[in-house]
Amino acid sequence: MTMLPKEAPPKRLGLVIDLDTCVGCHACAVACKEWNTGGAMGPLSDIDPYGAKARGSWLNRIHGFEVGSGHEGRSVYFPKSCLHCANAECVTVCPTGASYKREEDGIVLVDEDLCIGCGLCAWACPYGARELDEGSGVMKKCTLCVDRIDNTHLSEDERLPACVSVCPVSARHFGDLADPESKVSRLVAERGGFDLMPETGYAPTNKYLPPRPKRDSIGEGAPATLEPVSPEGGFLGWLDRRLGGA
Amino acid sequence: MHPTFSIIFFTSTSGAGYGLLALAGAFGAGGLLPPERGFGAALLGLALALVSLGLIASTFHLRHPERAWRSLSQWRSSWLSREAVAALLTYLPALAFAAGWVGFEAIWGWLGILGALLALATLICTGMIYASLKPIRAWHTPWVPASYLGFALMTGALWLIALLSAFGVQANGALALALASSALAWALKAGHWRHLERAPNPSSPETATGLGRFGSVRPLDPPHTGENYLTHEMGFQIARKHAAKLRRLALLFGLLLPAGLILILFFAEGWWTVPIAFAAAFSGMLGVVIERWLFFAEAKHTTALYYGERRA
């Protein structure tokens, strides 16, 4: 049923992504693709994978942005996947009931047997988190790896989304954002975690942690400026004059 | 947004069909149309053919058309589902109305009115599918269902005068209706175009990434080297000058040409009014198809903000 749950789910499972530590290695995207192209949710099709126009579905994509300029300028790697919004209109626009939001933990999923591949839910998502699989003709999206986190045959520490367990710099955190005491909620509170495009009113569950402020000095005891490279006298001065320096 | 041919064909063809059905039901019930069996057959036959052709075309963009029946289930939340339900419900009174008119030469007015109301409801649902999408600012406005309704009535009225002329009926009232509905449709479209220029635009790459506090956000490394579903579907771009040219073409075929031909019909008599009236209808349809192509091509999705678009 594509109505949203009547009451807010008791749990809000989601990701917290640290834009300060992400190094843009794409390991999370690759691990996601690897896990989700197999199992119950697979395949995650590639079309013409070795040809000139290779393309395919991915549930997680890593953008790189250049932000600000001058002293405040920086490059930021920006992983983007489904944000499992509280007001997930991708769910309510679905005409068949294929898209739904799990009542127990708020995860947004697609029942692929009901999906007609009309693409309307992808239009309704402001973030571009849903991709139609050209191979199977149904909509694909991040499931938070429900087939890992729900799988009691895995050991407790393995019940994580594939992207989270693979991240080499621990820039991705998974947990219950409805519980203010959870590790992810504390991270969001401490680091000033924020929503993407809050103006759309979708109330995403996933949060992003901002890059930390830049340091103004390079630390205790370091010289304020570099030493001049063309001293007046001595060997270096002679060399500099020989080489035609100013 | 990527203009998909099957959706453009569906909305313009079914739109004309529902418009014609609504006019046939309302004016038939009011006793303003020729009651002959032949005219009823042509009128309702054409309306239902246009509706059905469009609905069949609409399934072509589905990757699993064999599951299309499932789209009747979620009418409580989904405008697309409501459209499907309304579209099928419309057949019931429309077919019964046609059976009465063609089979018994009896115009059952209340069935005509019911069919007209359901046809209008279907058109509003179609417009609301687009108007309900918040990520597409160009569509998230009441101007969208209003102009869908306007164009359906306009093209319906153009087909009505074409059929009337084919049956040798000189009906100045219908000609005036076609002129008025054309003016109304394009006035609503002008309102929509004005809205596109002026509506506030709160989303930007800065809000999309939440990084605006550090300054402007520019794309550096794209996440993929080739095209993907998102860039194909939502990254469609059209140059402003091309859009302006196409708007002029849409107005030429959709308004000026049919209006000019209708003015001739006010004073003309004889067999040659038939090709003129049909030319007006085809021209109007062409204008609406160009307008519908632009409706998609000019609309931007917030996803494009992640790919270098400054405003969506």
Side-chain angles (χ1 to χ4, degrees), chain A residues 1-4 19 24 29 53-58 61-69 72-78 80 89 91-98 114-120 122-128 131-132 134 137-138 194-202 208 210-211, chain B residues 1 59 61-68 70-84 129-130 132-136 202-203 205 207-230 232-234 301-307 312:
Chain A
M1 195 52 91
T2 57
M3 302 288 280
L4 292 172
L19 299 179
K53 292 198 77 178
R55 60 199 189 279
S57 317
W58 295 66
R61 292 186 184 265
I62 322 305
H63 294 252
F65 294 108
E66 189 178 34
V67 185
S69 56
E72 277 302 311
R74 64 187 83 208
S75 55
V76 177
Y77 290 100
F78 187 90
K80 181 167 66 67
E89 294 196 11
V91 168
T92 53
V93 300
C94 176
T96 69
L114 302 185
C115 176
I116 55 175
C118 69
L120 189 59
W123 288 3
C125 171
Y127 308 104
E131 297 190 15
L132 196 100
E134 272 189 70
V138 294
F194 59 84
D195 288 347
L196 304 185
M197 269 190 277
E199 67 275 13
T200 59
Y202 277 51
Y208 283 77
Chain B
M1 301 296 290
T59 65
H61 87 285
L62 304 179
R63 302 324 191 273
H64 282 283
E66 79 282 5
R67 301 175 184 166
R70 292 187 183 277
S71 64
L72 299 170
S73 66
Q74 302 301 312
W75 48 270
R76 288 193 303 164
S77 72
S78 164
W79 282 103
L80 179 51
S81 182
R82 286 171 198 163
E83 181 200 44
I129 293 173
Y130 302 100
S132 67
L133 297 172
K134 292 191 188 116
I136 304 161
S203 296
T207 67
T209 58
L211 295 169
R213 69 188 85 177
F214 301 110
S216 76
V217 175
R218 288 97 57 196
L220 182 65
D221 281 339
H224 41 94
T225 49
E227 198 181 54
N228 74 355
Y229 176 73
L230 301 174
H232 176 262
E233 192 80 353
M234 298 161 202
H301 194 280
T302 48
T303 295
L305 298 172
Y306 294 103
Y307 289 92

Toward chain B, the part of [X] with a non-hydrogen atom under 4.5 Å:
{"X": "A/Tyr208", "answer": "neither"}
{"X": "A/Leu132", "answer": "both"}
{"X": "A/Cys94", "answer": "backbone"}
{"X": "A/Glu199", "answer": "side chain"}
{"X": "A/Glu66", "answer": "both"}

Quick check: do [X] and [Y] have side-chain heavy atoms less than 4.5 Å from each other?
{"X": "B/Tyr306", "Y": "A/Lys80", "answer": "yes"}
{"X": "B/Asn228", "Y": "A/Arg61", "answer": "yes"}
{"X": "B/Leu72", "Y": "A/Thr96", "answer": "no"}

Answer with side chain, backbone, both or neither: which region of [X] has an atom nearer than 4.5 Å to a non-hydrogen atom of chain A?
{"X": "B/His61", "result": "both"}
{"X": "B/Arg82", "result": "neither"}
{"X": "B/Leu211", "result": "both"}
{"X": "B/Ala208", "result": "both"}
{"X": "B/Glu233", "result": "side chain"}

Name the option with the most non-hydrogen atom pairs under 4.5 Å to chain B; the candidates are [options].
{"options": "A/Ala54, A/Ala122, A/Ser75, A/Ser69", "result": "A/Ala122"}
{"options": "A/Gly64, A/Pro95, A/Gly117", "result": "A/Pro95"}
{"options": "A/Leu196, A/Val76, A/Asp195", "result": "A/Leu196"}

Quick one: does [X]'s side chain have a donor or acceptor within less than 3.5 Å of a partner on [Y]'s backbone?
{"X": "B/Arg67", "Y": "A/Cys115", "answer": "yes"}
{"X": "B/His64", "Y": "A/Val138", "answer": "no"}
{"X": "B/Arg218", "Y": "A/Gly68", "answer": "yes"}
{"X": "B/His301", "Y": "A/Cys125", "answer": "yes"}

Quiz prompt | Test log, rule side-chain contact (heavy atoms from CB on, under 4.5 Å), inputs A/Tyr77 and B/Asp221 | solution = CA-CA 8 Å; A/Tyr77 290 100; B/Asp221 281 339; 3.3 Å; yes
Quiz item: Is there a side-chain contact (heavy atoms from CB on, under 4.5 Å) between B/Leu133 and A/Leu120 once you walk through the steps?
Solution: CA-CA 9 Å; B/Leu133 297 172; A/Leu120 189 59; 4.1 Å; yes
Might you point out which heavy atoms bring [X] and [Y] nearest each other, and give the distance in Å?
{"X": "B/Arg63", "Y": "A/Gly137", "result": "CB-O, 3.2 Å"}
{"X": "B/Ser77", "Y": "A/Thr92", "result": "OG-O, 2.8 Å"}
{"X": "B/Pro135", "Y": "A/Trp123", "result": "CG-O, 3.6 Å"}
{"X": "A/Thr200", "Y": "B/Lys134", "result": "O-CD, 3.7 Å"}
{"X": "B/Thr209", "Y": "A/Phe65", "result": "CG2-CE1, 3.6 Å"}
{"X": "A/Val93", "Y": "B/Ser78", "result": "O-OG, 2.7 Å"}

Exercise. Calculate, to the nearest 0.5 Å, the distance between atoms CG and OH belonging to B/Leu230 and A/Tyr127 respectively.
Key: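 These two atoms lie 14.5 Å from each other.
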Self-check item: Reported CE-to-CG distance for the pair A/Met197 and B/Leu305, which is rounded to 0.5 angstrom
Solution: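 Answer for the CE-CG pair, A/Met197 versus B/Leu305, is 6.0 Å.
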Chain A contacts, top residue of [options] (heavy-atom pairs, under 4.5 Å):
{"options": "B/Tyr229, B/Trp75, B/Tyr307", "result": "B/Tyr229"}
{"options": "B/Leu62, B/Thr225, B/Thr59", "result": "B/Leu62"}
{"options": "B/Gly212, B/Ser216, B/Pro65", "result": "B/Ser216"}
{"options": "B/Pro205, B/Ser203, B/Gly215", "result": "B/Ser203"}

Quiz prompt | Qualifying residues under side-chain hydrogen bond (donor to acceptor under 3.5 Å, both in side chains), relative to A/Arg55, sequence neighbours excluded | solution =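 Once residues adjacent in sequence are excluded, the partners of A/Arg55 under the side-chain hydrogen bond (donor to acceptor under 3.5 Å, both in side chains) criterion are A/Glu134.
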